[in-house]
Enquirer: 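Please find one structure pasted underneath; my questions will follow.
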Amino acid sequence: PFGRRNTYRVSLAFSQNLYSGGRIGAQSAIATAGVDAAELNFSSARAQLLLDVVRAYYDAALADRLVEIAEGTYRQADATLAQTRLGYETGSLPEFELLRAQVTRDNLRPDTIRRQSQRDIALLRLKQLLDIPAAEPVVLTTALDDDALPAPAPFAAGILTTVSDRTTDLPRTAVRQAETGVRQGEAAVDVARSQRLPSVSVTSAYGEVAYAAVPWFPDFRRNWTVGAIVQMPILTGGRLRGDEVVARANVDEARARLEQTRELAVLDTETALEELKASQAAWEASAGTVSQAGRAYEIAELRYREGVSTQLELNDARLLLVQAQASRAQAARDLQVARARVALLPDLPIGTMPASPQGGPPPAQQAPQGGPAPPALAQPQRAQGGFGGERQ
């Protein structure tokens, strides 16, 4: 300007909002609720991961126990075959009995191999969750056939806390997340309402201008303005009213979701505690079954060795023993997973169910398509398949 070849400007602008109809406070509340929601989501994800690791660990322990049962059953069938072969060579048993014992023993071999593969898959799943290299050996320290089965040490205190809070109000992260959603919705309503109110702010601009070739302090000229700005929406075509209606509908939905979440939290808590009680009863009931089945097999083996019973009776006793042992291991696995779930219940998402709610093995341990059913799923009236292949 003014024909000057050089212009030097130094400026400073300032603006301060004095009144915004509550919009800034509501936006701050939305941000705070967002931080709280992120923390709650982290706690929920951490609890879910811990439960997944517990499941994977006890699934691997169950698979390892089933391998032991399969190998023990195979050794029993092999001993029966040796005894039958001896009787056939001495002429006391017919060839049919020898062939039957041979087929029974050979039918158990593929199942044993399958159990070993399922154990390896379960261990790989556990290593993947724990970020352990696949080639790194892992030794499980939990035995599912022990007479005593204490709760896992990291979850013992949590179980007591959850059970003690059952009669009052167990705090659930899912409920707090829903409450955070309501807070965000209410703050969004305040933001929408504030857009219809005027906003007031003060502004100030300070500047120094010089036109000299090489300016010095006396060459600068000062410009300084101070003002106030008042903004008021007059005609918006119904947009602000529509935004407020949408925000109120969203907060009503959030409140309904909160109420539903509270009801589901009560149901989920009661379900988890009842499952723990049922798992505890099933594990305690399985103890006597294993000892009785073991004693029955010893008697059947003695009767067969003495020649007063048939191989069919011996196979029946072996099948019942296998079923009792597998059911005992499955009950122990379910009990430990139920305990971990109850301990982690405050932070778990609602509706987190055990991997095998019906008492069956996890997906990694399911039998291949067309293959025999696992012994944990076998019932007394279903004698075929599993370790009882000799009944086919």
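We use all heavy atoms of the structure for the numbers below, so side chains are in, but hydrogens, waters and symmetry mates are not.
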Enquirer: Are side-chain heavy atoms of T203 and T225 found at a separation under 4.5 Å?
Expert: no

Enquirer: Answer yes or no: is there an ion pair linking R303 with E306, defined by an N-O contact shorter than 4.0 Å?
Expert: no

Enquirer: Once you round to the nearest 0.5 Å, how far does CZ of R100 lie from CZ of R105?
Expert: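 Between R100 CZ and R105 CZ, I get 15.5 Å after rounding to 0.5 Å.
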
Enquirer: Should R172 and T269 count as side-chain neighbours, where that means a heavy-atom distance under 4.5 Å?
Expert: yes

Enquirer: Please round to the nearest 0.5 Å and tell me the distance separating atom CG of D64 and atom CD of Q118.
Expert: 12.5 Å

Enquirer: Is R305 close to Q83 at the side-chain level, that is, under 4.5 Å between some pair of heavy atoms?
Expert: yes

Enquirer: Is any NZ, NE, NH1 or NH2 atom of the basic residue among R75 and D78 found under 4.0 Å from an Asp or Glu carboxylate oxygen of the other?
Expert: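 Salt bridge absent between R75 and D78.
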
Enquirer: What's the shortest heavy-atom distance between A326 and I69, and which atoms?
Expert: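 Residues A326 and I69, closest heavy atoms: N-CD1, 3.6 Å.
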
Enquirer: For the residue pair E68 and Q325, confirm or rule out a side-chain donor-acceptor distance under 3.5 Å.
Expert: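 Q325 and E68 do not have a side-chain donor-acceptor pair below 3.5 Å.
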
Enquirer: Just how far is it from atom CG of L267 to atom OG1 of T271, taken to the nearest 0.5 Å?
Expert: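 Atom-to-atom, L267:CG and T271:OG1 are 4.0 Å apart.
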
Enquirer: Does the distance from a Lys or Arg side-chain N to an Asp or Glu carboxylate O, for R333 and D59, drop under 4.0 Å?
Expert: yes

Enquirer: Do Y211 and R221 meet the criterion of a side-chain donor-acceptor pair at a distance under 3.5 Å?
Expert: no

Enquirer: Can you confirm whether V230 sits close enough to S199 that some side-chain heavy atom of one is under 4.5 Å from a side-chain heavy atom of the other?
Expert: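 Answer no - side chains too far apart.
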
Enquirer: With a 4.0 Å cut-off, would you call D243 and R248 a salt bridge?
Expert: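 Not counted as a salt bridge, because no side-chain N and carboxylate O are separated by less than 4.0 Å.
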
Enquirer: Is it the case that the side chain of K127 and the backbone of I132 share a donor-acceptor pair, with hydrogens and angles ignored and the cut-off at 3.5 Å?
Expert: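 Between the backbone of I132 and the side chain of K127 there is no qualifying donor-acceptor contact (under 3.5 Å).
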
Enquirer: Ring of Y74, cation from R109 - is the NZ or CZ under 6.0 Å from the centre and inside 45° of the axis?
Expert: yes

Enquirer: Same cluster or not: are L124 and V53 linked, directly or through other Ile, Leu, Val, Met, Phe, Trp or Tyr residues, by side-chain heavy atoms under 4.5 angstrom apart?
Expert: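 L124 does not cluster with V53.
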
Enquirer: When you check the gap from the basic side-chain N to the acidic O, do E253 and R257 get nearer than 4.0 Å?
Expert: yes

Enquirer: Between L108 and Q76, does the side-chain contact (heavy atoms from CB on, under 4.5 Å) criterion hold? Intermediate values first, please.
Expert: CA-CA 10 Å; L108 293 175; Q76 292 174 352; over 6 Å; no

Enquirer: How close do A265 and V175 get, heavy atom to heavy atom, and via which atoms?
Expert: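 That would be CB-CG2, 3.8 Å.
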
Enquirer: Any ion pair linking R183 and E186 (charged N to carboxylate O, less than 4.0 Å)?
Expert: no

Enquirer: Can you check whether T80 reaches L314 side chain to side chain, under 4.5 Å on heavy atoms?
Expert: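 Yes - at least one pair of side-chain heavy atoms lies under 4.5 Å apart.
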
Enquirer: What are the two closest heavy atoms between S194 and G22, and how far apart are they?
Expert: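 Minimum heavy-atom contact is CB-C, 4.2 Å.
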
Enquirer: Tell me whether S44 contacts the main-chain N or O of L40 through its side chain, where contact means a donor paired with an acceptor under 3.5 Å.
Expert: no

Enquirer: Any chance you could measure Q116, atom CD, to L66, atom CG, to the nearest 0.5 Å?
Expert: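 Separation between the atoms: 12.0 Å.
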
Enquirer: Are W283 and V342 co-members of a hydrophobic cluster defined by side-chain heavy atoms under 4.5 Å apart?
Expert: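 Yes, V342 and W283 fall within the same hydrophobic cluster.
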
Enquirer: Is a salt bridge present between R255 and E179, judged by a nitrogen-to-oxygen distance below 4.0 Å?
Expert: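 No, no charged N to carboxylate O under 4.0 Å.
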
Enquirer: Specify the closest pair of heavy atoms between V67 and R119, including all atoms of both residues, with the distance to one decimal.
Expert: CG1-NH1, 3.6 Å

Enquirer: Check the side chains of Q330 and R65 for a donor-acceptor pair under 3.5 angstrom, ignoring hydrogens and angles.
Expert: no

Enquirer: Indicate yes or no: does D347 engage R46 in a salt bridge with an N to O separation below 4.0 Å.
Expert: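 The answer is no: the pair does not qualify as a salt bridge.
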
Enquirer: May I ask you to say whether R196 pairs ionically with E244, meaning some side-chain N is under 4.0 Å from a carboxylate O?
Expert: yes

Enquirer: Could you check whether E301 pairs with R318 (Lys NZ or Arg NE/NH1/NH2 to Asp/Glu carboxylate O, under 4.0 Å)?
Expert: no

Enquirer: Quick one, Y304 and Q311 - any side-chain contact, counting heavy atoms below 4.5 Å?
Expert: yes

Enquirer: Nearest 0.5 Å, please: how far is CG in L335 from CG in L276?
Expert: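 Result: 6.5 Å between the selected atoms.
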
Enquirer: Salt bridge or not for E274 and K277, using N-O below 4.0 Å?
Expert: yes

Enquirer: Identify whether V202 and Y19 are in the same connected component of the hydrophobic contact network (ILVMFWY, side-chain heavy atoms under 4.5 Å).
Expert: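 Looking at the clustering, Y19 is in the same group as V202.
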
Enquirer: Check whether V200 and L197 end up in the same hydrophobic cluster, where Ile, Leu, Val, Met, Phe, Trp and Tyr are linked by side-chain heavy atoms less than 4.5 Å apart.
Expert: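 As far as the 4.5 Å side-chain criterion goes, L197 and V200 are connected within one cluster.
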
Enquirer: Tell me if a side-chain donor or acceptor on Q336 pairs with a main-chain N or O of P150 at a distance below 3.5 Å.
Expert: yes

Enquirer: Tell me, do L18 and S201 make a side-chain contact under 4.5 Å, heavy atoms counted?
Expert: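 Result no, sub-4.5 Å side-chain heavy-atom pair not found.
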
Enquirer: Just do the side-chain contact (heavy atoms from CB on, under 4.5 Å) check on Y57 and L130 with the steps written out, would you?
Expert: CA-CA 10 Å; Y57 177 83; L130 296 177; over 6 Å; no

Enquirer: Check whether T173 reaches the backbone of P346 with its side chain - one donor and one acceptor, N or O, closer than 3.5 Å.
Expert: yes

Enquirer: Evaluate whether atom CD of E89 has more than 12 neighbouring non-hydrogen atoms of other residues, nucleotides or ligands under 6.0 angstrom away.
Expert: yes

Enquirer: Can you list the steps and then say if E71 with R115 is a side-chain contact (heavy atoms from CB on, under 4.5 Å)?
Expert: CA-CA 9 Å; E71 292 175 346; R115 291 294 167 190; over 6 Å; no

Enquirer: Is any side-chain heavy atom of N315 closer than 4.5 Å to one of L319?
Expert: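 With C-beta onward as the side chain, the pair stays apart.
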
Enquirer: So if you build clusters from Ile, Leu, Val, Met, Phe, Trp, Tyr with side-chain heavy-atom gaps below 4.5 Å, do V290 and L320 land together?
Expert: no

Enquirer: Do you know the tightest heavy-atom contact between A56 and L129?
Expert: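 It is CB-CD1, 3.6 Å.
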
Enquirer: Do S92 side-chain atoms and Y88 backbone N/O form a donor-acceptor pair below 3.5 Å?
Expert: no

Enquirer: Measuring from L126:CG to D52:CG, what's the distance to the nearest 0.5 Å?
Expert: 11.5 Å

Enquirer: For E298 and L302: C-alpha separation, side-chain torsions, deciding distance, then whether side-chain contact (heavy atoms from CB on, under 4.5 Å) applies.
Expert: CA-CA 6 Å; E298 293 177 358; L302 177 61; over 6 Å; no

Enquirer: Please find the pair of heavy atoms, one from V251 and one from G185, that lie closest to each other, and give the distance.
Expert: CG2-C, 3.7 Å

